[in-house]
There are 2 protein chains.
Amino acid sequence: MQVKRSIIYLILLFFLVTHAAFAEVSADQWGTASLVVIVERNTGSVIVIDSKDHRFLGRIEGLGNLTHATIKFSKDARYAYVIGREAVVSKIDLLNLKLVKQVKAGLNSVGGVMTQDGRYLALSNYAPGEVRILDAETLEEVKRIPAVREYPDGRKKASRVVGLVDLPGNLLAFSLMDVDGIWIVDAGRPDFPVIKKFWDVGKTPYDALVTPDGRYYIVGFLESNWMGLLDTWNMDEGVKRILTEDETTRGKDVPLWKIPHLKGWAIAGDLAFLPALKREWAIVYNMRTWRLVRYVPLEGTALYTVASPDNRWVWVDLVGKNGDLVQVIDTQSLEVIKTLNPGRGATHPQFTAKGRAVYISLMDEDKVVVYDTRTFKKIKEFPARSPSGIFFTYRVNKFGM
Amino acid sequence: MQVKRSIIYLILLFFLVTHAAFAEVSADQWGTASLVVIVERNTGSVIVIDSKDHRFLGRIEGLGNLTHATIKFSKDARYAYVIGREAVVSKIDLLNLKLVKQVKAGLNSVGGVMTQDGRYLALSNYAPGEVRILDAETLEEVKRIPAVREYPDGRKKASRVVGLVDLPGNLLAFSLMDVDGIWIVDAGRPDFPVIKKFWDVGKTPYDALVTPDGRYYIVGFLESNWMGLLDTWNMDEGVKRILTEDETTRGKDVPLWKIPHLKGWAIAGDLAFLPALKREWAIVYNMRTWRLVRYVPLEGTALYTVASPDNRWVWVDLVGKNGDLVQVIDTQSLEVIKTLNPGRGATHPQFTAKGRAVYISLMDEDKVVVYDTRTFKKIKEFPARSPSGIFFTYRVNKFGM
């Protein structure tokens, strides 16, 4: 009888434990559409928050050097891909917050993008100069596209790759920094052929962006006083020059478009709001005419300008002088209507999907703060270790993000 | 010894079974950002597909009368809310495909919307004439807003509610069909006050839409030859008349804007593509000027016109004559560039989030088919029982959807 009793206890224990285990799994489940992953740049880690109810979910560590990191997502937002400066790619399961795979896909990387069909993760590498394409499921390398220009005299020159974006039609676009080119790759065809090459469109491209509809690819140059505009619906028209010096900018002592990150542009309807390097303005251009509309005076130099999902506000974080401030521009009046002081090292304002709240990293206060966009009140804060980039999973549905 | 061996076996069995259980849970997990829920209108059921890899996940039954159903999602896309004609609201957990709650929230409902903050599900009811607000978590009723107009002589008249949408600032807008009004509700304040009432803006509003940026609320009227336009950034300007008869439409024998569903509008950049009731055209208006741009000839009468996420194509399903066809309009040339024949009762074309594929219901063939938008080839089909409306979870991030 003693034996049977033991067995019965064990069976009971078995059901108890399995039931408890399932209950726990269920309580800890979440949908993935409202998650936000935030880089902790000095500790090689990220934290995950559910923006639905501003709830901290957890931290994942061991992701390498994240001093210049970006994050991409699988189409279902189940997986986050953290791409570090040293081309270490970490695939994280956002359902259980586990690192499921890690590979090194180059020596030095500056960014990446998912192909439109979600099958491949493409990296823009400085070293070696190339686009490297990984299978998004396995992270296995499927292709390297060396960024090499062959000159008429037979000389070949390798280049760093910048401004990599995905485009409709399952295309990729990127720029070749050291050889003044823009290439288009067809990621929907076997072997990822380069289907277009544009050369000498400006000197030393350093970054690019794609407009929210995926149509226009806009490239900045370090050594030319214009930007390049490629209409991807009409590629045969070639790369046009925009923001050339004209009567609205002539005599001013800056090529104002030389800004650190083109991804820092805010595009709100017809207007583009640009941070101006070394100046205390946001520059507003009309994107139909590419004419200057206005300089909006700020309390310092803008780093990122970010448009709200309804295009009504542009939130601007400042660096250097007044670096703790975030200013809000009304896109209708083109004036600053609010100045917030979230705290030391405030940077990277990012909106929730419909713009109800803004997340801001306080890099020097080890906090992430959340503001209500209507009342401008702080509604939540999270501890975080020197937080920097903030990546919402909804980016997976946006071109070039 | 015999006893101990039994115990050891049991312990082994325990780990085996629990491990197997966890493994199974893990294999059946998915992110929720790329899911699509499709109404099976005659059987009171829905099917769930992961559009990431076009994989059938399952069916949920027992959802009541779905002959005119709509589906909303929680912010994290974990939960789908199926709203049936008889105001039955079914909350489905998309992580395990279980019905978790069902309530009856009225007698006759024509739609619903999630508030911008994701806390409330609002229903537009015909009977009783009201907006009914439910807690999105519990489905408990938190507020009824009766749609009643009080006339100067003290007479009161109740109205059906149509055209309910959410707006930035956590607002709701809706129209009062029987008393010619538009109301704005503040869903971010306790007790959901009606903060604006617009009266006599046109006779018998029957549906409305909000532009993709959440700014303009556009209302159709059954008995007025114009549409109402409310700029929600500048509500004091009131409701303007657009699409009034002008030299571009004068003498034509139709108030063409009287169309079955305003949600059937495709807005692609500056252009709106409207299905034209009883005519074999799509009508193209310029949304800056509200002038007619063109009639695009079709092979039959359009039911839904749907713009691709990159605004490059508008897919149109036909009803009646050639009802099996779907036609594709190029938004640049404004011409039909492709005619597809997906099958009997083809309807409700809906794009994946970045437009790589289109899902189409074949209502009379018991199938859902998936087309590649670049090659126009069918890449997948699923059995489905008289499928109709197709709802991707990415709609949770769009105003009015």
Side-chain angles (χ1 to χ4, degrees), chain A residues 2-3 6-7 10-11 13-14 17-18 21-22 25-26 29-35 50-53 73-79 94-96 116-118 166-170 188 213-215 233-234 269 308-312 332 352-357 373-374 393-394 396-399, chain B residues 2-3 6-7 10-11 13-14 17-18 21-22 25-26 29-35 50-53 73-79 94-96 116-118 166-170 188 213-215 233-234 269 308-312 332 352-357 373-374 393-394 396-399:
Chain A
Q2 195 61 25
V3 177
S6 293
I7 290 171
L10 265 168
I11 289 171
L13 182 72
F14 165 75
V17 172
T18 51
F22 277 113
V25 168
S26 169
Q29 285 181 313
W30 45 76
T32 55
S34 55
L35 300 181
D50 190 346
S51 70
K52 181 193 179 192
D53 45 8
F73 299 97
S74 63
K75 278 235 170 299
D76 57 355
R78 173 167 181 178
Y79 298 105
L94 294 176
L95 288 178
N96 59 22
Q116 187 196 15
D117 65 7
D166 66 315
L167 300 174
N170 222 13
D213 58 4
R215 177 167 177 178
W233 290 15
N234 302 291
S308 62
D310 62 358
N311 292 339
R312 185 156 189 187
Q332 196 167 217
T352 54
K354 274 190 174 175
R356 195 75 194 84
T373 53
R374 189 170 170 198
T393 55
Y394 68 73
V396 70
N397 293 336
K398 303 201 180 279
F399 292 107
Chain B
Q2 195 61 24
V3 177
S6 293
I7 291 171
L10 264 168
I11 290 171
L13 182 72
F14 166 73
V17 172
T18 51
F22 277 113
V25 167
S26 169
Q29 285 182 312
W30 46 76
T32 55
S34 55
L35 299 181
D50 190 346
S51 71
K52 181 192 179 194
D53 45 8
F73 298 97
S74 63
K75 277 234 170 301
D76 57 354
R78 174 168 180 176
Y79 298 105
L94 293 176
L95 289 178
N96 60 20
Q116 188 195 16
D117 65 7
D166 65 313
L167 299 174
N170 221 16
D213 59 4
R215 176 167 178 179
W233 290 15
N234 301 292
S308 62
D310 62 358
N311 292 340
R312 185 156 189 186
Q332 195 168 218
T352 54
K354 274 189 174 176
R356 194 75 193 85
T373 53
R374 189 169 169 199
T393 55
Y394 67 72
V396 70
N397 293 337
K398 304 202 182 278
F399 292 106

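Every chain is numbered from 1, with letters handed out A, B, ... down the list of sequences.
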Note to self: Need one label for A:F399: side chain, backbone, both or neither, based on atoms under 4.5 Å from any heavy atom in chain B.
What the structure shows: both

Checklist line | For chain A, the option from B:L95, B:D166, B:D117 that forms the most heavy-atom pairs under 4.5 Å | finding: B:L95

Next item on the list: Sort A:D53 into side chain, backbone, both or neither according to what part of it lies under 4.5 angstrom from a heavy atom of chain B.
Entry: neither

Check: For the residue pair A:A33 and B:T32, what are the closest heavy atoms and their distance?
Finding: N-OG1, 3.7 Å

Item checked: Residue part contacting chain A, namely of B:D50, when any heavy atom lies under 4.5 Å -> side chain

Notebook entry, point to check: Which one, B:G188, B:S308, B:P168, B:G269, leads in non-hydrogen pairs under 4.5 Å with chain A?
Noted result: B:P168

Notebook entry, point to check: In terms of heavy-atom pairs under 4.5 Å with chain A, which of B:W233, B:Y79, B:F73 leads?
Noted result: B:W233

Check: Got a sec, which residues hit side chain to side chain contact (heavy atoms under 4.5 Å, CB included) with A:D213, two or more places apart in sequence or on another chain?
Finding: A:T211, A:R215, B:N311

Margin query: A:R312: which residues meet the salt bridge (charged side-chain N to carboxylate O under 4.0 Å, His left out) condition with it, sequence neighbours left out?
Written below: none

Notebook entry, point to check: Does a side chain donor of either A:N234 or B:Q332 reach within less than 3.5 Å of an acceptor in the other side chain?
Noted result: yes

Check: Do A:T352 and B:K75 have side chains that get closer than 4.5 Å, going by heavy atoms?
Finding: no

Item checked: Greatest number of heavy atom pairs closer than 4.5 Å to chain B - which of A:G118, A:G169, A:A77 -> A:G169

Note to self: Please report the interatomic distance NZ(A:K354) to CG(B:N170), rounded to the nearest 0.5 Å.
What the structure shows: 9.5 Å

